[in-house]
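Below is one structure; the comments refer to it alone.
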Amino acid sequence: MLSVATLLCVSCLLTATQGQERASMWRGNDRGGRCQYSFTVSSPTEASCPTQAGGPEMDTLKSRLSLLEVMVTRLAGGAAASGGPGADVVVQQQQQQQQKLQEAHSQAMREKAQLQRERDGLDRQVQDLQRRLEETRQEAERLRSRPCVQTPPAAGSPQQDSGLRPAGGPNVLSHLVPSGQTGSLRDPSWHYGSPGYQELKAEVTEVPVPTAAYMEVGTGCGELVAIGEPETHRKADTIAGKYGVWMQDPEPVAPYGASMVWRIDTVGSEVKQLFGYENMEQLARGYPTKVLLLPEAVESTGATMYRGSLYYQRRRSRTLMRYDLSTESVAARLDLPHAGFHGQFPYSWGGYTDIDLAVDEQGLWAIYSTNKAKGAIVIAKLNPHSLEVLKTWETNIRKAKAANAFMICGRLYTVASYIAAETTINYTYDTATSQGKALSVPLMNKYGYNSMIDYNPVQRKLFAWDNFHIVSYDVRLGRQQ
Ligand SMILES: *[C@@H]1O[C@H](CO)[C@@H](O)[C@H](O)[C@H]1NC(C)=O
C-alpha cells in the first residue's frame, strides 16, 4: 500500500517537473535604461494569473477602446468635444437636449393649435361680417328700388314690397287704396315705405365726409399735411445695414402677395442681394423667405417696387433696370437721359443718391438732376413697362439741398435734413400745376441718419431707413392750398 502511495507521489513530482520545464527567463532594458528581468512560469489555470499579466497589449486595447468610445460619443452627440465630461455625462446631456427639443416641439404644436383655433374664429367672424354686409346691401337695394316703384302693386304680387309693409299684413295697402286711384296710391306707398328709406338717406347725409371736404374727391389724394411718429420694425444686424432700402409692392403680381416685404442692404460696392419676407412680422424677425441675386449691382437707396418688378439704378451708370420678380430676370433697361450719377447730383447726405425712383397713386417716377438743370431737381414720369420718359418737370430746388425726396399724388416733397431729430418737409412741387412752394411739415429722424424715404400709396405710409432701423410713418393728406 505504501509503495503505491510513493509511486503516486513520484508521478506527481514528475508531472510537476515536466510543467516546470516550460518556465523561462527574459532579460532586457526598460525605457529608463535599467536592466529588467522577467521570469515566466506557465500556470495550470487561467484564474491564477494576476491581472497585470494582461501586459502592454491589454493596455493598448483598453486605450484604443476608450478612444473609440470617445469618437463614437462625439459622432453621436458631439457634446464631448472638450474632452471634459465622460461618456455618461454626454449621454445624459443628449437626453436632456432631446427632452428639451421634445418640449419645444409640443409647445410649438400647442401654439399652432391655438393659432388655428383663433384663425377659425376669425374666419367665422369674416363670414359673419360678409353675410351681414350682403344683407345690408340687399336691404339697401330694396330700399333704393322702393320709391321708384311707379305702378301700384298688382293684387297678385304683394310680395314685391312685403318686406317694407307695416305690420297688418299684405292686404293693408289694398284696404287703404281705393282701386283706380293710381296717383294717391303712391302716397300711402311712400308713407309706409318711406321711414326706412328716409332713415337711410338721413344716415347717408349725416355721415361725416371729411374726404369730400378736404381731399380730392375719388382718389383720396391731397396735399401732405402731417406725418406721424416713426414706427420701428427692425434693426439691421450687420454693418451692411447702416443704410438701405425696403419696399412693398403697391400692385403686387403673383407669385408674390401684398404682404411681401423686400429689402436691400446697400452698404458695399457690389450690392446685388434682394431679400424677400413673407410679411412685416417676418421682416421684424429677420427671416427672409426669398433671396434673389440681381444680375447687375444696385446703386444707392433709390430702388422701388411696382407691379411685380424691382426698379433700380444700375451701379455707376444712369441706366434704369426693371427686374421682373416672377421670371427673376431683367425685363427692361434704359438710360435716363442726361441724368447725373455716381456722386454728381446726390441728396445732401451723399451716398450716390443721384437717381431716386418713386411710386405713388399716379405711377412710376424718377427724381434726379442734369447738367442742364444745374443741379436742380428734375422729375420724370416713366413708363413702368419700358422705362421710357413720358414727361419731365424741372423744379427750382437744388438737389444737394434736399436730404431726400418722395412723391405723393403727383407731388414732390423734399426733406430738409437727414440727421436733425426734428426736421421738416420744407418744399413741394406739384406736377399737375408745375408750381413749387415752401411748406413746413414736421418729420422726426429718430435714429439720426435717414438715408431712404419713400411713399407707399397703398399703405399710405412713408417707408424709411434711419441708421440701421427700418421705420415707417403714417401720413395725413389734406386740402389743396
Ligand atoms: C429746406 O431746408 C434746406 C436745409 O435746411 C435748405 O437748404 C432749403 O433752402 C430749404 N428749402 C426751402 C424751400 O425752404
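Counting starts at 1 for both ligands and their atoms, following the listed order.
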Salt bridge R476-D474, side-chain N to carboxylate O under 4.0 Å
no
Tell me if the OH atom of Y352 is crowded by more than 12 foreign heavy atoms within 6.0 Å.
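12 or below, so no.
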Does ligand 1 have any N/O pairs with the protein under 3.5 Å, and how far apart?
| from | atom 1 | to | atom 2 | distance (Å) |
| --- | --- | --- | --- | --- |
| ligand 1 | 2 (O) | N426 | ND2 | 2.2 |
| ligand 1 | 11 (N) | N426 | ND2 | 3.0 |
| ligand 1 | 14 (O) | N426 | ND2 | 3.4 |

Pick out which of V245, T414, I425, N404 makes a side chain to side chain contact (heavy atoms under 4.5 Å, CB included) with I453.
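When V245, T414, I425, N404 are each tested with I453, the side chain to side chain contact (heavy atoms under 4.5 Å, CB included) holds only for N404.
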Enumerate the ring pair (Phe, Tyr, Trp, His ring centres under 6.0 Å) contacts for residues 376-415, please, sequence neighbours excluded, ordered by first and then second residue.
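Listed by first then second residue: W365-W393, F406-Y413.
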Does the Lys NZ or Arg CZ of K437 fall within the cation-pi geometry relative to Y429 - under 6.0 Å from the ring centre and within 45° of the axis?
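So K437 doesn't make the cation-pi contact.
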Applying the ring-ring contact (aromatic ring centres under 6.0 Å, His included) criterion to W246, which one of F463, Y277, W465, W262 satisfies it?
F463
